Number of protein chains: 2
Amino acid sequence: MGSATLDRLTPRAREIVRTAAELLEGEGPEALSMRRLGAALGIRASSLYEHVRDKQALEAALISVGFEEQAEVLAAAADGAAEPIAALFAAYRDFARRRPNLYRLMTERPLPREQLAPGVEAAAAVPLVRATAGDQERARAIWSFAHGMVILELNGRFPPGADLDATWRKGLAAFTA
Amino acid sequence: MGSATLDRLTPRAREIVRTAAELLEGEGPEALSMRRLGAALGIRASSLYEHVRDKQALEAALISVGFEEQAEVLAAAADGAAEPIAALFAAYRDFARRRPNLYRLMTERPLPREQLAPGVEAAAAVPLVRATAGDQERARAIWSFAHGMVILELNGRFPPGADLDATWRKGLAAFTA
DNA sequence: GTCTATACCCGGATAGAC
DNA sequence: GTCTATCCGGGTATAGAC
């Protein structure tokens, strides 16, 4: 539950990032504006700049925290699982459904890698790379399938009646054959 | 090359949609505003509303045309191919790279299905469903992999040195085993 | 069919007072 | 640390004149 990213911030900045995360998830991406974030905290947007460099830095913090949480849930899922890939799929999907807007923020633009907390991106990838015994190509192919499933689901792109559990099983079978 | 969607529009509306497509692809999604579209056509934004209901309708037209083009290139690729799935992968990736911003427009939000030209979404899916002999679960799993590969590439989410051709081959092997 | 003018909304960010 | 005031930018859309 602890976040190294949050821990390196001042208490007030921590509060801001936390509130931003709630705003993003609770009211959608358009709610993540400096004005609305200020309002949610009971201060003016201009006051935020005392604690946060700019909006980019705020988003980078959100993304870093997202990677930390993702790393945690994925590692926990794979740990000692009889079928690690299946367990990772379930945990990956679960994370994306619990934090759909954060998940989009983390995936739909180029990563601001220089602004992220060091190592968080790699840490989130570790469980899958482990599960493929270090085969990076296979790990990336599996990740692409999982991301495709997740993002198409979040974006409402599958036909209304689609049986996604069955589709996940198809993918699992393909990649573990 | 003919587009049923465009053919049903007045000449001026057709011109508008065409220009919008060029603007979107050439200058990015933020360029797709009524003001900038008007400017590209040499008229005021307000004049566009004589020809296009609103921005949603314009985007729906762009998406419909996108599906038509996609259906065409996918069908052509699969036609008589020795390895239809491999051919579809290549054509799918090629389409997304040629029209990255249109591809994003087509996939990153829920489809405005009521506003699309009838049948275009289904038509784009036909080649893949054929290639899986009607197995919809398999078709969806393959689509998810392809979409994941494509969108993660477009969004710059793979590590800088990643060998994506190799990753595509891994996915192909998994789904055609 | 296009114009001007306008209504409304939103955004990020800074200067300088307190 | 927060404020007000302000600067800049952007957007969709309508009314009414020509």
Side-chain angles (χ1 to χ4, degrees), chain A residues 6 8-64 101-102 104-105 108-112 114-116, chain B residues 6 8-64 101-102 104-105 108-112 114-116:
Chain A
L6 288 177
R8 283 191 294 102
L9 301 175
T10 63
R12 191 60 167 144
R14 192 151 49 224
E15 200 182 350
I16 288 170
V17 174
R18 254 192 232 292
T19 304
E22 292 171 14
L23 206 53
L24 171 64
E25 219 49 86
E27 308 194 25
E30 74 290 345
L32 197 62
S33 76
M34 300 305 270
R35 289 189 214 259
R36 291 185 67 170
L37 176 56
L41 285 155
I43 62 176
R44 301 289 167 182
S46 58
S47 305
L48 294 169
Y49 292 86
E50 194 68 28
H51 309 284
V52 169
R53 188 191 209 20
D54 56 20
K55 203 193 172 186
Q56 274 207 336
L58 176 68
E59 290 183 349
L62 288 172
I63 293 171
S64 292
N101 294 316
L102 178 58
R104 285 198 190 88
L105 186 66
E108 71 186 6
R109 280 182 296 174
L111 275 184
E114 326 71 31
Q115 296 192 74
L116 297 185
Chain B
L6 288 178
R8 281 192 295 100
L9 302 175
T10 63
R12 191 59 165 146
R14 192 151 49 226
E15 200 182 350
I16 288 170
V17 174
R18 255 193 233 291
T19 304
E22 292 171 13
L23 206 53
L24 171 65
E25 219 49 85
E27 308 193 24
E30 74 290 346
L32 196 63
S33 77
M34 299 305 270
R35 288 192 218 256
R36 292 184 66 170
L37 176 55
L41 285 154
I43 62 177
R44 300 290 166 182
S46 58
S47 305
L48 293 169
Y49 292 86
E50 194 69 26
H51 308 283
V52 168
R53 187 193 209 18
D54 56 20
K55 202 193 173 186
Q56 272 207 339
L58 176 68
E59 290 184 349
L62 289 171
I63 293 171
S64 291
N101 294 316
L102 177 58
R104 285 198 188 87
L105 185 66
E108 73 185 5
R109 281 182 296 175
L111 276 185
E114 327 71 31
Q115 296 192 75
L116 297 185

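Just so it is clear, the structure is predicted and the values come from calculations on it, not from any experiment. Proteins come first, then strands; the chains are lettered A, B, ... in the order of their sequence lines, and each starts at number 1.
Rounded to whole Å, the distance from CG on A:Leu37 to P on C:dG11 is 11 Å. Taking atom CD of residue B:Glu15 and atom P of nucleotide C:dT2, one finds them 9 Å apart after rounding to whole Å. Following rounding to the nearest Å, B:Met34 (CE) and D:dG11 (P) show an atom-to-atom distance of 11 Å. The CG-C1' distance, from B:Leu32 to D:dG10, rounds to 14 Å in whole Å. At whole-Å resolution of the value, NE2 in A:His51 and C1' in D:dT2 are 8 Å apart. Rounding to whole angstrom units, OH of residue B:Tyr49 and P of D:dA15 are separated by 13 Å. When the C1' atom of D:dG1 is taken as reference, atom CD1 of A:Ile16 falls 10 Å away, rounded to whole Å. Distance B:Arg35 CZ to D:dT12 P: 7 Å, rounded to the nearest Å.
Picking from D:dT2, D:dG11, C:dC3 the nucleotide with the shortest atom distance to the side chain of B:Arg36 gives D:dG11. Here C:dG1 is the nucleotide among D:dG11, C:dG1, D:dT2 with the atom lying nearest to any side-chain atom of B:Glu50.
Here A:Glu27 pairs with A:Arg36 in a salt bridge; the nearest charged N to carboxylate O distance falls below 4.0 Å. Of the charged side-chain nitrogens involved, none lies within less than 4.0 Å of a carboxylate oxygen, so that B:Glu15 and B:Arg18 do not count as a salt-bridged pair.
For D:dT4, one of the phosphate oxygens OP1 or OP2 lies less than 4.0 angstrom from a side-chain nitrogen or oxygen of A:Arg44. Listed pair A:Ser47 / D:dG1 fails the phosphate criterion, with no side-chain N or O lying under 4.0 Å from OP1 or OP2. For A:Ser46, no side-chain nitrogen or oxygen approaches OP1 or OP2 of D:dC3 to under 4.0 Å.
Contacts of B:Arg53 with the nucleic acid, taken as non-hydrogen atoms under 4.0 Å apart, are absent.
You'll find the side chain of B:Ile16 stays beyond 4.5 Å of the side chain of B:Glu50, heavy atoms only. Using a 4.5 Å cut-off on side-chain heavy atoms (C-beta onward), B:Leu48 and B:Leu41 make contact.
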Item to complete: Dump the intermediate steps for side chain to side chain contact (heavy atoms under 4.5 Å, CB included) on A:Arg14 and A:Val17, then the final yes or no.
Response: CA-CA 5 Å; A:Arg14 192 151 49 224; A:Val17 174; over 6 Å; no
